[in-house]
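Below is one structure, written out as structure tokens; comments come after it.
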Amino acid sequence: MSKLWGGRFAKNTDVMVEEFTSSISFDSRMYRQDIAGSIAHAKMLASCGIISQEDATLIIDGLQGILADIEAGNFSFEVSLEDIHMNIEKRLTERIGAAGGRLHTARSRNDQVALDTHMYVREQVGEVAKLLFDLEQAVLDTASKYPDVIMPGYTHLQRAQPILFSHHMLAYFFMFERDFRRLGGVWESADIMPLGAGALAGTTFPIDREQVARELNFGRIYENSLDAVSDRDYILEFLAFASILMMHLSRLSEEIILWSSTEFSFIELDDAHCTGSSIMPQKKNPDVAELVRGKTGRVFGHLMAMLTVAKGLPLAYNKDLQEDKEGLFDTIDTVKFSLTVYAAMLRGTKVNAGAMRQALKTDFSNATDMADYLVKKGLPFRQAHEVVGKCVAYCLNEHKTLTDLTLTEFKEFSPLFAADILEAISVETCVAARNSLGGTSPTQVGQTIDIAKSVMEKQQKRLDMYTKIKL
Ligand code: ARG
């Protein structure tokens with residue numbers, strides 16, 4: 001296939017080089033953005049008198065025909081035409097003749113690919129936001145569904161203090177809420193229009209960049225043409241957002257895997273969301289959580305890869321920048337699929353309140369409350385800590401828990417203990433007493449659920465804005 005840039009070449013491109021330099025196998029997914037960008041460009045060229053209205057009409061009709069062909073599966077992408085931009089432009093000229101050759105006036109593939117990728121990222125921010133919003137809803141529903149369930153809270157993966165299961169889930173809600181906010185930052189950075197930068201320095205034609213920005217619903221325009229064609233910050237920001245989101249999902253996965261083990265038995269995953277073993281008939285494995293934890297690695301890898309690609313590049317465009325896409329696209333696909341299966345898995349998960357309660361019966365997670373009891377009777381906290389430490393050591397020796405002790409036994413450790421001690425260290429009291437702002441008491445958790453609901457209402461508005469733009 002003859003090249004759009006063939007003029008100065010005396011030889012054909014080596015087939016191996018064509019394959020090596022081509023990006024069509026992955027950038028063809030931006031065909032809608034490429035066509036929408038070209039239509040906006042053609043309209044602008046005509047209204048600025050750079051091409052005739054008749055040529056613009058031919059170009060626009062031709063591009064719409066190509067769009068229909070691609071959507072119908074009637075378009076064959078050629079490796080020899082390198083990328084999505086030249087595949088479409090070449091086909092346009094075949095369809096409409098000389099007018100097709102005027103489309104690339106006042107434009108370079110450098111600002112064209114930047115435009116396509118900005119539009120693609122902006123659209124995908126909307127898609128990811130929808131799925132993230134749904135996951136947040138699933139987390140919030142899970143938190144609201146079990147308002148009274150108490151579980152051991154952990155530090156160092158050692159039982160620490162009793163907490164509400166809802167409180168634990170809400171911690172994840174707020175992680176995802178921050179992810180949603182970070183996604184808003186990605187949107188802002190993607191919503192800048194690069195077209196008109198030309199190859200690097202702008203163009204000699206009297207173009208109207210504002211018109212193109214309006215046509216394509218961009219909020220801003222790049223101020224500097226070199227920056228416009230070299231900037232990949234919005235991709236890096238997406239990858240950073242995705243890495244943090246996957247890190248959160250991976251942490252939750254780790255807990256889900258632990259909790260669904262026989263040793264914990266805190267939750268039961270739905271059969272539909274687990275897989276079996278080809279040899280061990282009894283197995284029911286939490287593969288979804290494990291794979292999400294595992295896929296976190298590739299997303300981190302894509303972030304590192306892109307940072308590394310960008311770090312040594314002189315201005316302006318360098319072919320290295322073509323390496324921005326595969327990692328971005330794989331990240332988008334990985335994040336979307338992970339969010340989708342995750343929300344479904346959470347909705348199918350049952351909480352085993354009995355196992356959580358049983359765990360609390362055999363531990364010392366009320367020890368802090370016992371120390372606090374003595375403090376409230378006047379003992380300095382350090383001394384109270386020491387007294388309770390001794391009680392714990394005594395119980396361990398006697399194979400007892402703190403609530404098994406008789407009042408006589410309690411009084412041997414401190415005369416401040418009275419009959420109300422058992423009530424003071426029951427798990428319900430421990431949880432209800434942590435009523436400080438943001439604590440685990442039912443009152444606080446109830447208020448937090450209300451806050452989370454109003455967060456969701458605000459996010460719904462952002463979501464409507466992200467998904468409003470249809471190109
Ligand atoms: N396929 C290229 C990319 O993805 C498009 C831009 C090519 N520009 C160039 N001067 N070779 O980056």
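When a ligand or atom number is given, it counts from 1 through the structure's own listing order.
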Worksheet item: Do the numbers put Arg122 on top of the ring of Phe218, so that NZ or CZ is under 6.0 Å from the six-membered ring centre and no more than 45° off the axis?
Response: yes
Going by the atom numbers of ligand 1, which of them fall below 4.0 Å from some non-hydrogen atom of [X]?
X: Val113; result: 3 (C), 4 (O), 5 (C), 6 (C)
X: Lys325; result: 3 (C), 4 (O), 12 (O)
X: Asp83; result: 1 (N), 2 (C), 5 (C)
X: Ser23; result: 1 (N)

Worksheet entry | Ring centre gap for His118 and Tyr234 strictly below 6.0 Å | yes
Worksheet item: So, for Phe266 and His168, is the gap between ring centers shorter than 6.0 Å?
Response: no
Discussion item. As a check for students: among Asp27, Ile84, Asn318, Asn110, identify the option with a heavy atom nearest to atom 9 (C) of ligand 1.
Written reply: Asn110
Item to complete: Give yes or no for whether the N/O distance cutoff of 3.5 Å, strictly under, is met between Tyr317 and ligand 1.
Response: yes
Discussion item. I want to know if ligand 1 touches Lys319 in the polar sense, i.e. an N/O pair below 3.5 angstrom.
Written reply: no
Item to complete: If you have a sec, work out which protein heavy atom is nearest atom 2 (C) of ligand 1 and how many Å separate them, to one decimal?
Response: Gln322 OE1, 3.2 Å
Practice prompt. Name the closest protein heavy atom to atom 11 (N) of ligand 1, giving the residue it belongs to and the distance to 0.1 Å.
Written response: Arg109 NH2, 3.5 Å
Worksheet entry | Distance, nearest 0.5 Å, that separates CD of Glu290 from CD of Glu254 | 9.5 Å
Practice prompt. State plainly whether the residues Lys130 and Glu127 are in salt-bridge range, i.e. N to O under 4.0 Å.
Written response: yes
Fill in: Residue pair Ile332 / Phe238, side-chain heavy-atom distance below 4.5 Å
yes
Worksheet item: Taking atom types as modelled, is there a side-chain donor on Gln137 or Asp141 under 3.5 Å from an acceptor on the other?
Response: yes
